[in-house]
Amino acid sequence: MANTPTVVNHPLVQHKLSYLRARETPPAEFRRLLREIGQLMIYEVLRDLPLTTKTIETPLTPMQAPVIDGKKLVLVSILRAGNGLLDGMLELVPLARVGHVGLYRDPESLEAVEYYMKLPPDIAARQTIVVDPMLATANTATAAVTKLKDAGAAQIKFACVLAAPEGVAKFSNAHPDVPLYTAAIDDHLNDHGYIVPGLGDAGDRIYGT
Ligand code: URA
């Protein structure tokens with residue numbers, strides 16, 4: 001059964017997203033906004049992280065204090081636009097391990113083609129968050145998650161900033177076990193596989209290419 005995406009509709013995220021979308025926002029400002037949205041989104045994505053307790057001493061008394069349980073997280077960035085979202089997330093979870101998956105969309109077929117993959121060795125034992133600002137056709141995201149599952153990852157979530165309804169349907173049908181987080185679900189995909197209204201090409205806007 002397909003999963004229902006979590007739309008992170010916090011006013012701060014929505015406000016920053018509007019400026020991210022705007023045509024006149026230059027790359028430096030775009031990167032800053034994307035980093036801030038990454039920080040806010042990872043907060044929501046990790047809401048159900050398990051906690052344990054450890055003994056600490058406050059200036060007044062010892063106490064059992066909550067701390068995150070289990071092995072460190074893995075954040076997997078889908079190159080290259082994923083890095084723009086990854087940076088902000090890493091600021092909030094600086095001890096996370098980081099993997100990279102390089103996939104590009106063939107401009108004709110819109111299918112995902114792998115050119116790079118580097119993952120932490122023990123990914124099977126870790127919560128894995130896959131990040132890419134745009135879930136458009138979902139060909140790339142679907143292929144990346146399949147490759148991570150092949151590498152042993154079992155607890156996977158996917159976080160993006162903008163999703164197309166077509167991409168949400170395709171991704172959640174292919175990977176119904178992978179919870180999906182986005183800041184907005186836009187109207188549609190155009191004939192070139194761009195999200196409308198969207199924000200244009202995320203990689204180009206991050207790097208000014
Ligand atoms: N990738 C982008 O960068 N933008 C889109 O609209 C779709 C895919």
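As the structure lists them, so they are numbered: ligands from 1, and atoms in each ligand from 1.
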Arg21 side chain to Leu199 main-chain N or O, any donor-acceptor pair under 3.5 Å?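 No.
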Where the side chain of Asn190 meets the backbone of Gly193, is there a donor-acceptor pair that is under 3.5 Å apart?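 Confirmed, Asn190 side chain pairs with Gly193 backbone.
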Write out all pairs satisfying ring-ring contact (aromatic ring centres under 6.0 Å, His included) with one or both partners inside residues 186-209, taking only residues at least two apart or from two chains.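 Sorted result for residues 186-209: empty, none.
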Could Lys157 and Asp48 be called an ion pair, given the rule that one side-chain N must be under 4.0 Å from one carboxylate O?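 Salt bridge between Lys157 and Asp48, a charged N being under 4.0 Å from a carboxylate O: yes.
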Side-chain ion pair, Asp122 and Lys72, N-O less than 4.0 Å: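 So Asp122 does not pair with Lys72 through a salt bridge.
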Return the CD1 to CG distance between Ile37 and Leu12, rounded to the nearest 0.5 Å.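 Separation between the atoms: 10.0 Å.
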Show me, by chain and number, every protein residue that has a heavy-atom distance under 4.0 Å to ligand 1.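 Lining ligand 1 at under 4.0 Å, by heavy atoms, one finds Arg105, Met134, Ala136, Gly193, Tyr194, Ile195, Gly200, Asp201, Ala202.
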